[in-house]
Amino acid sequence: RAAEFHKLTLDEQQESLRNATKLQREKDRLRNAIPTPSEYEKNRAAYIEYLLMCVRLGDWHGVSDAANDLRVLEAKNDRI
């Protein structure tokens, strides 16, 4: 993870960290919400974006967290 991150330019690293922070805030906000169908799609897209960013950074703990959050979101959606 760190090796891949250090291959990025300083601007790319800063942008990556800004995106990670933004996505983490959104993820935290969405964690306990029971979404409407349109919110479900928005939340699902946000989790997938976060998961893919974690893959690009080699953050396997983040990938695991995002995958689990997607699983929880799917379970909540099945209850609606």
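The first residue in the sequence is number 1, and the count goes up from there.
Screening residues 40-57 for salt bridge (charged side-chain N to carboxylate O under 4.0 Å, His left out), with sequence neighbours left out, gives R44-E74.
In this structure, the separation between NZ on K76 and CG on N43 is 9.0 Å, given to the nearest 0.5 Å. Rounding to the nearest 0.5 angstrom, the gap separating the CG atom in D69 from the OH atom in Y50 is 8.5 Å. Rounding to the nearest 0.5 angstrom, the gap separating the CG atom in N68 from the CG atom in L73 is 11.0 Å.
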Problem set entry | Verdict with supporting geometry, W60 and V55, side chain to side chain contact (heavy atoms under 4.5 Å, CB included) | CA-CA 7 Å; W60 307 120; V55 169; 4.3 Å; yes
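For A66 against Y47, the heavy-atom pair with the smallest separation is CB-O, 4.1 Å. Closest of all the heavy-atom pairs between A67 and L51 is N-CD1, 3.8 Å. The shortest heavy-atom contact between M53 and S16 is SD-O, 4.1 Å.
R18 is linked by a salt bridge (Lys or Arg N to Asp or Glu O under 4.0 Å) to E15, counting only residues two or more places apart in sequence or in another chain.
Between H61 and D59, some side-chain heavy-atom pair lies under the 4.5 Å cut-off. In this structure, the side chains of L17 and Q14 stay at 4.5 Å or more apart for every pair of heavy atoms.
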